[in-house]
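Sequential numbering from 1 along the given sequence is applied to the chain's residues. As the structure is a prediction and not an experimental result, all values here were calculated from the model.
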Amino acid sequence: MLTLSSGSLYKFGLNRIFHFAKKLSFEGVEIMVNDIADTRNVSYMRDLSRQYDLPITALCLPKGANRAIFEKVLKMAEELNVPTLVIRSPEWSNLSYWQWLRSELPKLQSLTRVKLCLENSPMGNSVFVPSYAFGNINDFRRFKYMTLDTSHLFTRNLDLMRVYSMLKNNIAHIHFADVRKNKEHIMPGEGVLPLESFLTRLHKDNYKGQICVKLDFRELGYDEEIIEEKLKTVRDFYETYFLGIK
């Protein structure tokens with residue numbers, strides 16, 4: 001399933017984001033919850049999903065989340081019948097939150113049908129202490145589900161194919177983008193990641209989870225024609241290497 005993250009177009013309203021996703025034949029929309037009111041209005045999001053006949057396939061927690069925000073967004077996901085909640089790795093300084101996640105997430109997963117997917121973090125810029133908790137990729141073995149962000153792996157000098165082989169039984173959701181030095185979440189095929197081989201491997205392994213296109217907003221910009229052209233390019237890339245129909 002190829003879906004579109006609202007973070008790729010976060011300066012547009014949700015209505016326009018659903019419009020682009022529907023027009024370019026994406027199969028769902030991931031909504032990144034932030035300080036924009038649309039992303040916190042359950043009734044509005046439900047209406048948009050019905051209007052465009054396009055499911056909300058994931059909600060993504062905002063940066064700087066805490067336990068209260070986690071619980072609120074999980075409740076939103078349950079009310080909207082959203083199958084996936086993406087949990088961004090907390091900053092290391094947010095000690096109480098990441099320790100709570102470490103101990104409670106497996107228990108919380110047993111209480112909800114929503115897949116609670118902890119996302120691997122980027123390296124960050126801190127020199128003396130880690131920027132983010134859950135920096136060790138082996139941390140993810142203890143959780144049932146994870147979101148694999150392909151771009152973040154490169155910032156930690158981790159090999160995409162090797163990490164996938166290690167954690168494929170845990171991966172339920174993928175943030176899909178390329179990367180090159182000092183530039184994350186760029187168009188597939190324009191960076192250094194072996195995304196062609198990765199998609200082919202996913203297909204071979206009969207991967208059933210979401211492949212969510214999450215690009216830096218600057219990759220798409222504001223021009224509607226350019227946005228549509230680039231999103232079509234991404235979809236063609238997916239169809240060529242995952243579906244094998246080009």
Keeping [X] on the side-chain end and [Y] on the backbone end, is there a donor-acceptor pair under 3.5 Å?
X	Y	result
E219	M187	yes
N94	A65	yes
E91	Y132	no
T155	P122	no

[X]: which residues meet the salt bridge (Lys or Arg N to Asp or Glu O under 4.0 Å) condition with it, sequence neighbours left out?
X	answer
E119	K214
D38	none
E228	K23
K22	none

If Ile, Leu, Val, Met, Phe, Trp and Tyr residues are connected whenever their side-chain heavy atoms lie under 4.5 Å apart, and connections chain through other members, are [X] and [Y] in the same group?
X	Y	answer
V114	M1	no
L231	Y238	yes
I211	L243	yes
F237	I226	no
V73	L108	yes

Specify whether [X] and [Y] have parallel, tilted or perpendicular ring planes, treating 30° as the upper limit for parallel and 60° as the lower limit for perpendicular.
X	Y	answer
Y97	W100	parallel
Y207	F242	perpendicular
Y164	F198	perpendicular

Could you tell me whether the side chains of K208 and N206 share a donor-acceptor contact shorter than 3.5 Å?
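Side-chain D/A pair, K208 to N206: present.
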Taking atom types as modelled, is there a side-chain donor on D178 or H185 under 3.5 Å from an acceptor on the other?
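The criterion, which ignores hydrogens and geometry beyond distance, is not satisfied for H185 and D178.
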Run the side-chain contact (heavy atoms from CB on, under 4.5 Å) check on L153 and N120 step by step: do they pass?
CA-CA 8 Å; L153 288 177; N120 59 298; 3.6 Å; yes
Set of side chain to side chain donor-acceptor pair (under 3.5 Å) partners for [X], sequence neighbours left out:
X	answer
R141	N138
T150	none
R180	none

Hey, what do you get for [atom1] ([X]) to [atom2] ([Y]), rounding to the nearest 0.5 Å?
X	Y	atom1	atom2	result
M161	M166	CE	CE	14.0 Å
E229	T233	CD	OG1	5.5 Å
R201	L195	CZ	CG	14.5 Å
L116	M146	CG	CE	14.0 Å
Y145	L105	OH	CG	11.5 Å
L193	S151	CG	OG	7.0 Å

Pair Q99, L95 - check side-chain contact (heavy atoms from CB on, under 4.5 Å), show working.
CA-CA 6 Å; Q99 287 186 333; L95 183 65; 3.5 Å; yes
Are the side chains of [Y] and [X] in contact, using a 4.5 Å heavy-atom criterion?
X	Y	value
L148	L160	yes
L2	V213	yes
I137	L167	yes

Show which side-chain atoms of residues 28-35 pair as donor or acceptor with protein atoms under 3.5 Å away, not counting sequence neighbours.
{"residue": "E30", "atom": "OE1", "partner": "H173", "partner atom": "NE2", "Å": "3.0"}
{"residue": "E30", "atom": "OE1", "partner": "H175", "partner atom": "NE2", "Å": "2.9"}
{"residue": "E30", "atom": "OE2", "partner": "S5", "partner atom": "OG", "Å": "3.0"}
{"residue": "E30", "atom": "OE2", "partner": "H175", "partner atom": "NE2", "Å": "3.0"}
{"residue": "N34", "atom": "OD1", "partner": "I36", "partner atom": "N", "Å": "2.9"}
{"residue": "N34", "atom": "OD1", "partner": "T39", "partner atom": "OG1", "Å": "3.3"}

Go through it in stages, so that I can follow the logic: the residues are E224 and R16, the test is salt bridge (Lys or Arg N to Asp or Glu O under 4.0 Å), and I'd like the CA-CA distance, side-chain angles, deciding distance and then a yes or no.
CA-CA 10 Å; E224 185 166 334; R16 292 290 303 283; 3.2 Å; yes
According to side chain to side chain contact (heavy atoms under 4.5 Å, CB included), who are the partners of S110, at least two apart in sequence or on a separate chain?
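For S110, no residue satisfies side chain to side chain contact (heavy atoms under 4.5 Å, CB included) once neighbours in sequence are set aside.
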Among all residues two or more places apart in sequence or in another chain, which pass the side chain to side chain contact (heavy atoms under 4.5 Å, CB included) test with R102?
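If we apply the side chain to side chain contact (heavy atoms under 4.5 Å, CB included) test to R102, skipping adjacent residues, the hits are W98, F134, D139, R142.
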Indicate the atoms forming the closest heavy-atom contact of [X] with [Y], along with that distance.
X	Y	result
F176	P188	CE2-CG, 3.6 Å
F143	L101	CE2-O, 4.1 Å
F140	L118	CE2-O, 3.4 Å
N66	I69	OD1-N, 2.9 Å

Given F18 and F26, is the ring-ring contact (aromatic ring centres under 6.0 Å, His included) satisfied, shown in steps?
CA-CA 9 Å; F18 270 82; F26 285 82; over 10 Å; no
Evaluate the criterion side-chain contact (heavy atoms from CB on, under 4.5 Å) for residue pair E184 and D216; output intermediate values, then yes/no.
CA-CA 7 Å; E184 298 177 39; D216 187 306; over 6 Å; no
Answer yes when E104 and R67 have at least one side-chain N-carboxylate O distance shorter than 4.0 Å, and no when they do not.
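Answer for the salt bridge query: no.
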Going through the distances and angles, do D236 and K232 end up as a side-chain contact (heavy atoms from CB on, under 4.5 Å)?
CA-CA 6 Å; D236 288 347; K232 183 180 184 301; 3.0 Å; yes
Using a 3.5 Å cut-off and no angle test, enumerate the donor-acceptor pairs between side-chain atoms of residues 75-88 and protein atoms at least two apart in sequence or in another chain.
{"residue": "E78", "atom": "OE2", "partner": "T112", "partner atom": "OG1", "Å": "2.9"}
{"residue": "T84", "atom": "OG1", "partner": "Q210", "partner atom": "NE2", "Å": "3.1"}

Under 3.5 Å donor-acceptor pairs involving side-chain atoms of residues 48-56, not counting sequence neighbours:
{"residue": "S49", "atom": "OG", "partner": "L54", "partner atom": "O", "Å": "2.7"}
{"residue": "Y52", "atom": "OH", "partner": "N15", "partner atom": "O", "Å": "3.4"}
{"residue": "Y52", "atom": "OH", "partner": "N15", "partner atom": "OD1", "Å": "2.4"}

Could you check, using the six-membered ring where one of them is a Trp, whether F12 and F20 have ring centers closer than 6.0 angstrom?
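Close enough - the centres of the two rings lie under 6.0 Å apart.
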Any chance CZ of R162 has more than 12 other-residue heavy atoms, nucleotides or ligands included, within less than 6.0 Å?
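For R162, atom CZ is not crowded (no more than 12 foreign heavy atoms under 6.0 Å).
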